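Scroll down for the structure; my scribbles are underneath it.
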Amino acid sequence: MNILVTGGAGYIGSHAVRKLHAAGHSPVVLDNLSYGHRGAVPNNVPFYQVDLKETDRIEKILREHRIDAVMHFAALISVGESVRQPLLYYRNNTAGAASLLEAMERVGVKRFVFSSTAATYGEPEETPIFETTKQQPINPYGRSKWFVEQILRDIVATDSKFGFVVFRYFNVAGASDEGDLGEDHQPETHLIPLVLFAAMGKRNNITVFGTDYPTPDGTCIRDYVHVNDLVAAHILGIETLSEGDARFYNLGIGRGYSVREILDTAKKVTGKEIPTVFGSRREGDPARLFANSDKVQKELGWQPQHTDIEEVIASAWQWHTAHPNGYKNS
Ligand code: UDP
């Protein structure tokens, strides 16, 4: 299939491009490079520096490359920023997706895979979280993605030839097996890279956001899924997508680790001391988020390969130590 990968120069998108290639598909990358890295896209993959709001240019790309399906990764991802600048999030994530979907409608591209988030569940009513758990996002980031889910439901209700898969990500981590693709967010806010930066001496310490949560060790629990496992689900999703599909899947391994457990594991993996500061809670952080992912396992035959947190952290460590400045000068 000819597959347009939006955000293909980003962390998850770049891993998707590689795996799509390996699976015999032809990816085409669209990225505005506001956060993505040109160096994360191989030279033999068509690349367009285009923003999601440029509907006409996207339409042209869809036609030119006879695109069969779209994987939509491009988005802003910072919860804190979304609270401070909600319109930025609604413009990029919600209106951006609508613009992309409009271009698809003009050309007649009917297959869509969407990166959604566990943040659409907000402070969940139950854990583990099922796809049927009530969605009540508590910040603009979560809502900006939730709105897109609703838009997709509306499209499929009026166009029986359209089909989509929504993946709700838990915490994505790790890097490519080859060690040449990995996480490079500017600024970085995610736990695992920041812990590893502290181990490398790239930052002075790591602050644990809250030790008074109602969890066994008082720190937050999250479900860390390896980026290649996440991407594998997308490929299964797109290859099995049929007309009229409106599918929603959680992507997590179904087991949570606390912040303290991540720190202990990182210490073991790196063999380094990790200077730690115990700070107060970060606003908007639910105590525990972990998935029930039976649905994606049963319906798509998805089986995560990296269920050992040590292995996930080791994979990220390999990338960060080989690329201390990310894609810059690498
Ligand atoms: N966290 C932390 N210190 C940091 C960054 C994150 O203690 O510098 C915690 C955060 O409160 C959350 C977990 O680590 O409980 C994972 O946070 P991250 O930002 O990686 O992902 P999120 O769960 O917010 O999507």
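Atoms within each ligand, like the ligands themselves, are counted from 1 in listed order. Side chains are part of it too, since the values below use all heavy atoms of this structure and drop only hydrogens, waters and symmetry mates. Because the structure is a prediction, the values reported are computed rather than measured.
At a heavy-atom cutoff of 4.0 Å, ligand 1 is contacted by the backbone of T207 but not by its side chain. Within the 4.0 Å heavy-atom criterion, the part of T189 lying near ligand 1 is the backbone and not the side chain. Only the side chain of Y224 comes within 4.0 Å of ligand 1, judged by heavy-atom distances. Contacts between H190 and ligand 1, counted as non-hydrogen atom pairs separated by less than 4.0 Å, involve both the backbone and the side chain.
F209 CD1, 3.6 Å is the protein heavy atom nearest to atom 1 (N) of ligand 1. For atom 20 (O) of ligand 1, the nearest non-hydrogen atom of the protein is L191 N, 2.8 Å. Taking atom 11 (O) of ligand 1 as the reference point, the nearest protein heavy-atom neighbour is D285 OD2, 2.6 Å. For atom 15 (O) of ligand 1, the nearest protein heavy atom (residue, atom name, distance) is C220 CB, 2.9 Å. With hydrogens left out, the protein atom closest to atom 19 (O) of ligand 1 is R282 NH2, 3.0 Å, a heavy atom. For atom 9 (C) of ligand 1, the closest non-hydrogen atom on the protein side is V259 CG2, 3.8 Å. When only non-hydrogen protein atoms are considered, atom 23 (O) of ligand 1 lies nearest to R222 NE, 2.8 Å.
The neighbour count for K161 NZ, taken as heavy atoms of other residues, nucleotides or ligands under 6.0 Å away, does not exceed 12. Taking a 6.0 Å sphere around CG of N44, one finds it holds more than 12 heavy atoms contributed by other residues, nucleotides or ligands.
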>> Determine whether W146 and F114 satisfy the following criterion, ring pair (Phe, Tyr, Trp, His ring centres under 6.0 Å), listing intermediate values before the conclusion.
In response: CA-CA 11 Å; W146 181 83; F114 178 58; over 10 Å; no
> Would Y48 and R57 count as a side-chain hydrogen bond (donor to acceptor under 3.5 Å, both in side chains) if you check the C-alpha gap in whole Å, the side-chain angles of each, and the deciding distance to 0.1 Å?
Replying inline: CA-CA 10 Å; Y48 294 91; R57 286 184 74 191; over 6 Å; no
>> One pair to check against ring pair (Phe, Tyr, Trp, His ring centres under 6.0 Å): Y169 and H234. What are the steps and the verdict?
In response: CA-CA 11 Å; Y169 302 171; H234 287 63; 5.5 Å; yes
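Listed by number with element, the atoms of ligand 1 under 4.0 Å from a non-hydrogen atom of N171 are 16 (C), 21 (O), 22 (P), 23 (O), 25 (O). Atoms of ligand 1 lying under 4.0 Å from at least one heavy atom of V208, given by number and element, are 7 (O). Each of the atoms 8 (O) of ligand 1 lies under 4.0 Å from some heavy atom of L194.
A salt bridge between R222 and D285 is present, with a side-chain N of the basic residue lying under 4.0 Å from a carboxylate O of the acidic one. With respect to D159 and K110, a salt bridge is recorded, a charged nitrogen being found less than 4.0 Å from a carboxylate O. By the 4.0 Å N-to-carboxylate-O rule, K19 lies too far from D229 to be salt-bridged with it.
Proximity of N92 to L52: side-chain heavy atoms (C-beta onward) are nowhere separated by under 4.5 Å.
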